[in-house]
Amino acid sequence: MKEQLRQAIQTALKQCYSDGTLDSGERPGEIQLEIPKNADHGDFSTNLAMMLAKPERKPPRKIAEALVAALEGNPLCDKIEIAGPGFINFRLAATCWYEVLDRVVEQGSTYGRSDVGHGTKIQVEFVSANPTGPLHIGHGRGAVVGDAVAAVLQAAGFEVQREYYINDAGNQIQTLGRSILLRLRELQGEKIDFPEDGYQAPYVTELAAQYRAEHDELIGVAEEEAIERCARFGIKEILKWIEADLKDFGIEFDNWYSEKSLYDRDMVDQELKKLADKGLSFEQDDALWLRTTEFGDDKDRVLIKSDGSYTYFASDVAYHMEKFDRGFDRVIDVWGADHHGYIPRMKAMLSGLGHAPEDLEVLLIQMVNLLRDGKPYIMGKRSGNFITLKDVVGEVGRDACRFFFLMRRCDSQLDFDLELAKQQSSDNPVYYVQYAHARVCSINRNAAEAGIVLPEKGKIDYSCLELADELALVKQLARYPETVVNAALNYEPHRVIFYLQDLAAQFHSYYNRHRVLVDDTATSLARLYLVNSVRIVLANALSLLGLSAPDRM
RNA sequence: GCGCCAGUAGCUCAGUUGGAUAGAGCAACGGACUUCUAAUCCGUAGGCCGAGGGUUCGAAUCCUUCCUGGCGCGCCA
């Protein structure tokens with residue numbers, strides 16, 4: 001709809017240039033078309049005349065008049081007005097709008113999908129929590145946002161892979177292995193002085209008990225080997241928990257990528273060598289450094305420590321280089337905001353390799369403050385005093401939890417009060433939206449009972465839909481595809497949530513004001529057609545975000 | 001000290017990428033169930049968009065200086 005209008009304006013503009021009405025020769029960039037906040041200002045509005053005022057050195061209203069004259073008689077528009085300082089306001093013909101309903105019905109579950117991505121390959125890496133313990137609520141937010149970003153990108157025609165990066169190499173894995181081993185010895189009757197820096201949480205003891213039940217008892221096995229076996233066992237089991245918890249939350253990955261496998265395949269050395277060959281790294285104080293300061297970082301960074309071991313950064317660099325080797329055009333990382341200090345060095349590394357800065361997009365997920373009854377709930381992995389994601393999903397529910405995380409832009413902090421979320425669950429916004437869907441389903445059941453069959457595409461009398469409420473609903477439906485595209489291009493899935501709330505509100509209002517099934521059959525059929533279009537779009541948007549669309553509530 | 005994010009109604013947040021009179025939800029107050037599901041709707045009230053300066057036809061939005069809150073600034077992971 002919007003694009004058709006844009007085309008028409010483009011044509012009018014060309015005409016003005018060719019007949020000399022406009023003569024600066026300076027062409028504007030993209031024509032900006034927006035939906036005015038105030039409905040009196042029409043369906044669409046453009047500031048084109050004001051943009052041209054300067055290069056043309058003519059008053060904006062004069063330019064607007066020329067453009068309007070060139071648009072005269074266009075079948076798309078009912079009314080074109082010049083307003084304010086030089087806005088051109090368009091009111092589209094009602095028949096154009098009703099075609100949207102046919103489009104929704106025809107496309108069904110694919111309505112809202114587009115191809116603006118042209119199959120560009122994007123990888124979204126998210127969660128990537130260390131496999132040293134269960135997921136907590138902060139991971140949950142990153143998980144939902146990452147999943148939803150991937151989903152809107154897919155809907156907009158990008159080719160998307162969801163990946164989880166497993167940090168299964170490094171010190172924290174040693175710590176996990178040692179912690180399990182010590183608990184195991186404790187279970188075997190040894191008296192153990194459990195270290196401060198070990199993982200103290202009860203699940204470590206559970207893992208030890210499970211290990212004891214499934215394997216031999218590691219008596220007489222060398223310390224280092226014993227730790228290694230415990231660590232591998234722990235990672236394997238914990239990853240099972242993580243995968244299961246995510247699945248219960250509606251999140252599945254296309255690929256689980258192991259950090260350790262980078263070392264096993266000698267990828268880290270290979271990628272570091274490429275950097276060295278390009279002169280991007282240097283040796284100093286027995287360590288190997290990456291020259292990130294040349295590309296905007298405030299400090300050079302160590303890749304290999306003076307003791308010969310690799311930093312976490314080294315494997316991260318290799319990992320990201322390898323992502324592009326795998327053929328992705330763009331890479332998105334979803335990180336906790338506390339890692340933001342890492343961005344400059346990662347971008348510096350990529351610039352050094354000739355990538356554009358926007359090839360890597362890092363989405364920072366701000367902290368989730370977990371509260372219970374308004375009081376902060378302090379969590380620490382070691383203390384064992386934490387509520388897992390699984391607990392929260394079980395307590396609040398999957399839909400409510402996902403909805404809550406998607407309601408805000410990810411770069412603002414979020415208070416999550418467990419009691420509040422539970423207590424409010426009856427008037428939680430997610431139910432508001434789902435209720436709209438259930439209501440249409442209910443109308444459908446009543447219609448079926450009365451022997452009224454939902455009309456096929458285009459088989460209704462549009463003149464029955466003359467209420468302002470009805471036209472407004474149709475216009476809202478028309479906006480859905482554009483909403484998805486904007487959510488994708490800006491990595492902002494919350495736009496879809498707000499769209500859903502707006503659509504549901506309009507529907508509820510309409511429902512309360514007018515009956516769908518009335519005495520006049522033609523009107524009933526037309527309205528049934530309309531509300532089912534609403535239902536399709538609600539269902540599409542809900543499913544896009546991994547939310548259910550219940551038939552009854 | 002330096003950097004990143006935020007500051008919009010009493011509370012929680014949107015704000016279509018610089019547009020016209022800044023919007024929702026909750027909380028408050030007043031109404032609507034004999035009618036397709038009241039988990040709903042209608043109405044009232046609520047604002048110096050953290051503060052100052054700048055850019056222009058036009059700023060919550062852009063630039064700048066401050067203020068407040070959160071988070072970072074390792075040869076840790």
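Quick note on labels: first sequence line is chain A, next is B, and so on, each numbered from 1.
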>> Once you measure the plane-to-plane angle for A/Tyr319 and A/Tyr165, does it fall in the parallel (<30°), tilted (30-60°) or perpendicular (>60°) bin?
In response: parallel
> With under 30° as parallel and over 60° as perpendicular, where do the rings of A/Trp97 and A/Phe44 fit, or are they tilted in between?
Replying inline: parallel
What integer distance in Å separates [X]:[atom1] from [N]:[atom2]?
{"X": "A/Glu259", "N": "B/A77", "atom1": "CD", "atom2": "C1'", "value": "9 Å"}
{"X": "A/Gln476", "N": "B/A24", "atom1": "CD", "atom2": "C1'", "value": "13 Å"}
{"X": "A/Leu33", "N": "B/G18", "atom1": "CG", "atom2": "P", "value": "16 Å"}
{"X": "A/Trp335", "N": "B/C5", "atom1": "CH2", "atom2": "P", "value": "14 Å"}
{"X": "A/Glu34", "N": "B/G15", "atom1": "CD", "atom2": "P", "value": "15 Å"}
{"X": "A/Asn428", "N": "B/C13", "atom1": "CG", "atom2": "C1'", "value": "14 Å"}
{"X": "A/Ile343", "N": "B/C73", "atom1": "CD1", "atom2": "C1'", "value": "13 Å"}
{"X": "A/Glu283", "N": "B/C75", "atom1": "CD", "atom2": "C1'", "value": "14 Å"}

Regarding [X], tell me which of base, sugar-phosphate or nothing describes its non-hydrogen contacts under 4.0 Å with the strands shown.
{"X": "A/Asp285", "result": "base"}
{"X": "A/Ser45", "result": "base"}
{"X": "A/Ala83", "result": "base"}
{"X": "A/Lys299", "result": "sugar-phosphate"}
{"X": "A/His514", "result": "base"}
{"X": "A/His339", "result": "base"}
{"X": "A/Tyr312", "result": "base"}
{"X": "A/His41", "result": "base"}
{"X": "A/Arg439", "result": "sugar-phosphate"}
{"X": "A/Ala438", "result": "base"}
{"X": "A/Asp411", "result": "sugar-phosphate"}
{"X": "A/Ser509", "result": "sugar-phosphate"}

Expected output: side-chain [X] to main-chain [Y] donor-acceptor under 3.5 Å:
{"X": "A/Asp551", "Y": "A/Ala438", "value": "no"}
{"X": "A/Asp168", "Y": "A/Glu259", "value": "yes"}
{"X": "A/Gln172", "Y": "A/Asn167", "value": "yes"}
{"X": "A/Ser45", "Y": "A/Pro36", "value": "no"}
{"X": "A/Thr311", "Y": "A/Leu303", "value": "yes"}
{"X": "A/Arg398", "Y": "A/Leu547", "value": "no"}

In whole Å, what separates the [atom1] atom of [N] from that of [M]?
{"N": "B/C73", "M": "B/G18", "atom1": "C1'", "value": "35 Å"}
{"N": "B/C33", "M": "B/A38", "atom1": "P", "value": "12 Å"}
{"N": "B/A27", "M": "B/C13", "atom1": "C1'", "value": "14 Å"}
{"N": "B/G50", "M": "B/U16", "atom1": "P", "value": "15 Å"}

If you check every side-chain atom of [X], which of [options] has the closest atom?
{"X": "A/Ala287", "options": "B/C75, B/C13, B/C4", "answer": "B/C75"}
{"X": "A/Arg408", "options": "B/G72, B/A77, B/A14", "answer": "B/A14"}
{"X": "A/Asn512", "options": "B/C13, B/C41, B/C75", "answer": "B/C41"}
{"X": "A/Tyr432", "options": "B/G19, B/U21, B/C41", "answer": "B/C41"}
{"X": "A/Leu517", "options": "B/C71, B/C36, B/G19", "answer": "B/C36"}
{"X": "A/His494", "options": "B/U16, B/G15, B/C36", "answer": "B/G15"}
{"X": "A/Asn47", "options": "B/A14, B/C5, B/G19", "answer": "B/G19"}
{"X": "A/Phe498", "options": "B/G19, B/U16, B/C13", "answer": "B/C13"}

Counting just side-chain N and O atoms, does [X] come under 4.0 Å of either OP1 or OP2 of [N]?
{"X": "A/Asn89", "N": "B/A20", "value": "no"}
{"X": "A/Arg515", "N": "B/C36", "value": "no"}
{"X": "A/His437", "N": "B/U40", "value": "no"}
{"X": "A/Tyr511", "N": "B/A32", "value": "no"}
{"X": "A/Lys305", "N": "B/C76", "value": "yes"}
{"X": "A/Tyr435", "N": "B/A39", "value": "yes"}
{"X": "A/Arg409", "N": "B/C5", "value": "no"}
{"X": "A/Lys37", "N": "B/A20", "value": "yes"}

>> Here's one to test your reading of the geometry: is the NZ or CZ of A/Arg439 within 45 degrees of the ring axis of A/Tyr511 and under 6.0 Å from its centre?
In response: yes
> Hey, is B/C13 sitting syn or anti, using the within-90° cutoff around 0?
Replying inline: anti
>> Which helical stems does RNA chain B take part in, if a stem means at least 3 consecutive Watson-Crick or G-U pairs with both distances below 3.5 Å?
In response: B:1-7 with B:67-73, B:10-13 with B:23-26, B:28-32 with B:40-44, B:50-54 with B:62-66
What side-chain donor-acceptor pairs closer than 3.5 Å can you find for residues 402-410 of chain A, not counting sequence neighbours?
from: A/Arg402; atom 1: NE; to: A/Leu545; atom 2: O; distance (Å): 3.2
from: A/Arg402; atom 1: NH1; to: A/Phe249; atom 2: O; distance (Å): 2.7
from: A/Arg402; atom 1: NH1; to: A/Gly250; atom 2: O; distance (Å): 3.4
from: A/Arg402; atom 1: NH2; to: A/Asp147; atom 2: OD2; distance (Å): 2.7
from: A/Arg402; atom 1: NH2; to: A/Leu545; atom 2: O; distance (Å): 3.2
from: A/Arg409; atom 1: NE; to: A/Asp411; atom 2: OD1; distance (Å): 3.3
from: A/Arg409; atom 1: NH2; to: A/Asp411; atom 2: OD1; distance (Å): 3.0
from: A/Arg409; atom 1: NH2; to: A/Asp411; atom 2: OD2; distance (Å): 3.3

> Taking atom types as they are modelled, is there a donor-acceptor pair under 3.5 Å from the base of B/C75 to the side chain of A/Ser306?
Replying inline: yes
> Could a donor-acceptor pair under 3.5 angstrom be found where the side chain of A/Tyr342 meets the base of B/A77?
Replying inline: yes
>> Does A/Arg552, at its CZ atom, have more than 12 non-hydrogen atoms belonging to other residues, nucleotides or ligands within less than 6.0 Å?
In response: no
> For A/Leu364 and A/Ser442, take the nucleotide of RNA chain B holding the closest heavy atom to each; which residue's nucleotide lies nearer the 5' end?
Replying inline: A/Leu364
> For A/Gly170 and A/Asp338, take the nucleotide of RNA chain B holding the closest heavy atom to each; which residue's nucleotide lies nearer the 5' end?
Replying inline: A/Asp338
>> Out of the candidates A/Lys475, A/Arg513, A/Arg527, only one should pair with A/Asp469 under the salt bridge (Lys or Arg N to Asp or Glu O under 4.0 Å) rule; please name it.
In response: A/Arg513
